[in-house]
Amino acid sequence: MAKTAPQSATPETLLDIRNLRIEATVYPPGEAPKAVTLVHDVSLSLKRGKVLGLIGESGAGKSTIGLSSMAYGRGGVRITGGEIMLNGHDILKAGAGGIRKLRGREVCYVAQSAAAAFNPAHKLMDQVVEASLLHGVATRAEAEKRAKALFKKLSLPNPDTIGERYPHQVSGGQLQRVMTAMALCSEPDLIVFDEPTTALDVTTQIDVLAAIKDAIRDTGVAALYITHDLAVVAQVSDEIMVLRHGRLVEWGGTRQIIKEPRQEYTNALVSVHEIEHHEQKAEGAPFLSVKNVTAAYGGGAVKVLKNVSVDILPGQTLAVVGESGSGKSTLARAITGLLPPQEGSVTFDGRPLANRLADRPKEDLRQLQMIYQMADVAMNPRQTVGTIIGRPLEFYFGIRGAERDRRVTQLLDEIEMGKGFADRYPAELSGGQKQRVCIARALAAKPKLIICDEVTSALDPLVAHGILKLLLNLQQAEKVAYLFITHDLATVRSIADSIAVMYRGEVVRYGSKSKVLTPPFDAYTDLLLSSVPEMEIGWLEKAIAGRRMESAGN
Amino acid sequence: MSVPILKLIAQRIALGIVLLFAVSILIFVGTQILPGDVAQSILGQAATPQALANLREQLGLNDPAYVRYFHWLGGVLTGNLGTALTSGQDIASSIWPRLKNTLFLAGCAAVVAVPLAILLGLIAVRYRNGPVDRLISAFALASTSFPEFFIGYLLVYFFAVKWQVFPAISTVFDGMPFLQRLEAVVLPATALTLVVLAHMMRMTRAAILNVMQSAYIETAELKGLAPLAIIRKHAFPNAIAPVVNVVMLNLAYLVVGVVVIEVIFVYPGMGQYLVDHVAKRDVPVVQAVGLIFAAVYITLNIIADIAAILANPRLRHPK
């Protein structure tokens, strides 16, 4: 299945990995520990100053391979075979001291979550220059000067003083850029970028991506760019390597991979997974209306919702989109009564709902159900799937015993999972299966509205695709309405009948899907739509040039 | 320093003062409900009823309890702890040198025990789950598991009797040169160190191991830092709050829990003074010592709280 390498090892070659094999020991419950192979004899090489994108779903081994270039195995992972030649030396033979000399000097690392990867106890500047000082690359004054120049190059605000701040005082998008500056500060030959923009909002991602791309070009550093998003990697890479289950699927130039994929799996990744969803007409009266709702945290101190009004029609989907901090989830909290609104009201079937959750009768609670982003923390790990799904049946309808079991089986059927799952525990399920159980639990209450809060964000694209399809099918069968909260515009196109775009606590654009997604756009909707990466070389430059406003993440 | 952090610290201190008043009430009530009569115990079984009544009048024992409490509290706040019933001496002036002795002994033990415990904790984390870690844990746990009097006598047997390097009895007096004083407390301080070491060491180890799971430790590893530098520079600063808490608890124990050691080494400290006067049912002395111990305990815990607040960069540098 492996393709031949497009280049052979020459003096130009910076990194040359040959037949890399990586293993780990797993401890399955109730069984003897066993060794599993995470990476099967993968080879790659990278020339100086070039960028190689590693792409695949979770479990493909892309981070594991990336970290192997620093001779690092995360969480007990062992490199058991192959050679890793960096600058002509096999780093696996370097010994502990030799490996420490090259980490932070020849190879640096940029993590997915910079917010977690910075030490909360130290100032940013101390952490940025640490590797340079440790390896004797520069004096403190020189290193700080270089760091400030890099902050400036990465278009961070206040480049001369941002180093005096602590990590918690800086936003996520900015931290990601500071981390890139940290990696560049010791002038390494190679940087491993491990999903550096995945945790960011789409509007922030584009800025960080552009900053990273410019920095790579101007410093001439080589990079391994790890991501699951082909559209992102197409913007920065010279070559792309597709991985699956720890094996090489395809390796080639960026243009070849996205335009002429030779493997079926690559083709599946490249092709757009948009679900054809024809918008339902906004007919009839809304059963749930949010009228001029204003809500705040901290006793009215921080207003997060300002005069928000939306309607939800029976059996239809309202998608709420916006970046983090725009008030999407707060709107859900206001509707469910978890955060009582300061002003305005929520009406249901023509009568106002009590503001506070505690004042609502059981029947009102039943009509509004929720599904969350993190399915694993939304379920009790010590209850079986049967108990979890059966609980709303007992609580709302008093159904018990054989009748309850019959209903549970029926619900499992609806979410396309077999009867056998009733006795399983959440820990035994995959991410997609867990989310399906959460959907069944919400359905069990026979609600009129299910609020879906970023339900596909934590899932791999192909799994998320399946969940969306399931939700659409269930809507047809059960006539349930969705309030679908997401930051992902592709998801919105697949599922929405109407859309509300939120920005800083206000609804800036609201209407039917076709209306909202048709020009002319307001400035923010335009920014949001133009920030979604497209699988096209040169998209990034075009998008940056065409923008009308800065994103709020800055 | 920012306003919210000053407010937090002021709250802690105010809370400590309130707590101290509550404790003073508890101590007073506690000594009141003890059986026995002070006048009786001073004068003995043969005293005439008239003599007992006169003494009670003289000591103010006939006043209602709250009057006596405020009388006592007023004295304490002005530095007058009253007079010992048994000896008739001023309590404040006889406690002061003993308190100094106790603090000196506790201080000597702390100067050795705290850095040693933290250092051993760091080393245990560096070589975690290996033989060095096990050896440190085994040694520390064994020394804690022995009762302190056993360790005390063991030290006396070897260092005082067999090898005769240190005195068996820790006599100290006013005007004693510092080095001699230090030599006198070597054995009791060593015994105390061994008693408190394990708890601090194990907690330091656990607190740092907890931090070692964080993503920023991986960042430090990938910068090429050596393991001990990672622990010292990146893990320890984030483990300060729990470590300070357990250190302060142990320091408090060094001050208020030294009774047995002081008795073994015949060291003229607070513990011995307390034991002597409990036996003689000398209520004012017991109250005064109890209050001082409570004050030490509360003060050290406030210091731990404040240190934990100051160690948190989110509180020190708000957004």
Side-chain angles (χ1 to χ4, degrees), chain A residues 63 66-67 69-75 94 96-124 126-137 164-171 175 179 182-183 185-186 188 191-192 194, chain B residues 1-5 7-8 118 122 125-130 132 204 207-245 306-319:
Chain A
S63 289
L67 285 168
S69 68
M70 309 181 82
Y72 186 79
R74 190 180 270 160
I99 287 171
R100 281 205 294 275
K101 278 206 189 74
L102 72 93
R103 286 182 185 164
R105 174 70 194 87
E106 289 173 53
V107 201
C108 290
Y109 180 71
V110 177
Q112 171 169 1
S113 168
F118 274 109
N119 192 328
H122 299 299
K123 287 180 183 166
L124 290 173
D126 292 339
Q127 304 190 51
V128 169
V129 300
E130 189 176 18
S132 304
L133 302 186
L134 176 75
H135 297 290
V137 179
E164 295 307 302
R165 318 203 77 182
Y166 283 83
H168 70 269
Q169 297 174 304
V170 176
S171 78
L175 274 183
M179 186 140 200
M182 179 159 90
C185 191
S186 56
I191 296 184
V192 179
D194 195 351
Chain B
M1 234 189 288
S2 56
V3 176
I5 205 166
K7 196 176 147 200
L8 265 176
I118 290 175
L122 294 179
V125 173
R126 166 65 183 86
Y127 299 102
R128 55 190 168 277
N129 304 327
V132 175
T204 305
I208 295 178
L209 271 184
N210 198 18
V211 173
M212 292 299 280
Q213 314 289 332
S214 315
Y216 51 80
I217 298 299
E218 185 180 278
T219 308
E221 270 185 80
L222 293 178
K223 280 178 182 170
L225 265 74
L228 213 52
I230 293 172
I231 295 167
R232 184 178 52 79
K233 216 174 145 190
H234 286 278
F236 186 63
N238 292 292
I240 282 180
V243 171
V244 166
N245 253 310
I306 292 174
I309 292 170
L310 291 178
N312 185 344
R314 283 164 203 278
L315 291 175
R316 248 183 310 138
H317 307 275
K319 284 203 173 182

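The chains referred to below are lettered A, B, ... by the order of the sequence lines, with proteins before strands, and numbering in each begins at 1. For the numbers below, each heavy atom of this structure counts, side chains included, while hydrogens, waters and symmetry mates do not.
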Roughly how far apart are Tyr166(A) OH and Asp126(A) CG, rounded to 0.5 Å?
8.0 Å

When the 4.5 angstrom heavy-atom criterion is applied to Leu67(A) and chain B, the contacting part is side chain

Under 4.5 Å to a heavy atom of chain A? For Ala311(B) that would be neither

Is it the backbone or the side chain of Ala111(A) that comes under 4.5 Å from a heavy atom of chain B, or both, or neither?
neither

Sub-4.5 Å side-chain heavy-atom contact between Tyr72(A) and Ile99(A):
no

Quick check on Arg74(A): does its CZ atom have over 12 non-hydrogen neighbours (other residues, nucleotides or ligands) under 6.0 Å away?
yes

Which residue out of Ser186(A), Ala116(A), Ala131(A) racks up the most heavy-atom pairs below 4.5 Å with chain B?
Ala116(A)

At a heavy-atom separation under 4.5 Å, does Phe118(A) approach chain B through its side chain, its backbone, both, or neither?
backbone

Quick one: what part of Gln213(B) sits under 4.5 Å from any heavy atom of chain A, side chain, backbone, both or neither?
neither

Please rank Ala226(B), Ser214(B), Ala235(B) by heavy-atom pairs under 4.5 Å with chain A and give me the top one.
Ala226(B)

Assess the residue pair Met70(A) and Glu221(B) against the criterion (side chain to side chain contact (heavy atoms under 4.5 Å, CB included)); give the C-alpha distance rounded to whole Å, side-chain angles, the decisive distance to 0.1 Å, and a yes or no.
CA-CA 10 Å; Met70(A) 309 181 82; Glu221(B) 270 185 80; over 6 Å; no

Assess the pair His122(A) and His234(B): is the distance between their ring centroids shorter than 6.0 Å?
yes

Is it the backbone or the side chain of Ile217(B) that comes under 4.5 Å from a heavy atom of chain A, or both, or neither?
neither

For the backbone of Ala94(A) and the side chain of Lys101(A), can you confirm whether one donor and one acceptor N or O come within less than 3.5 Å of each other?
no

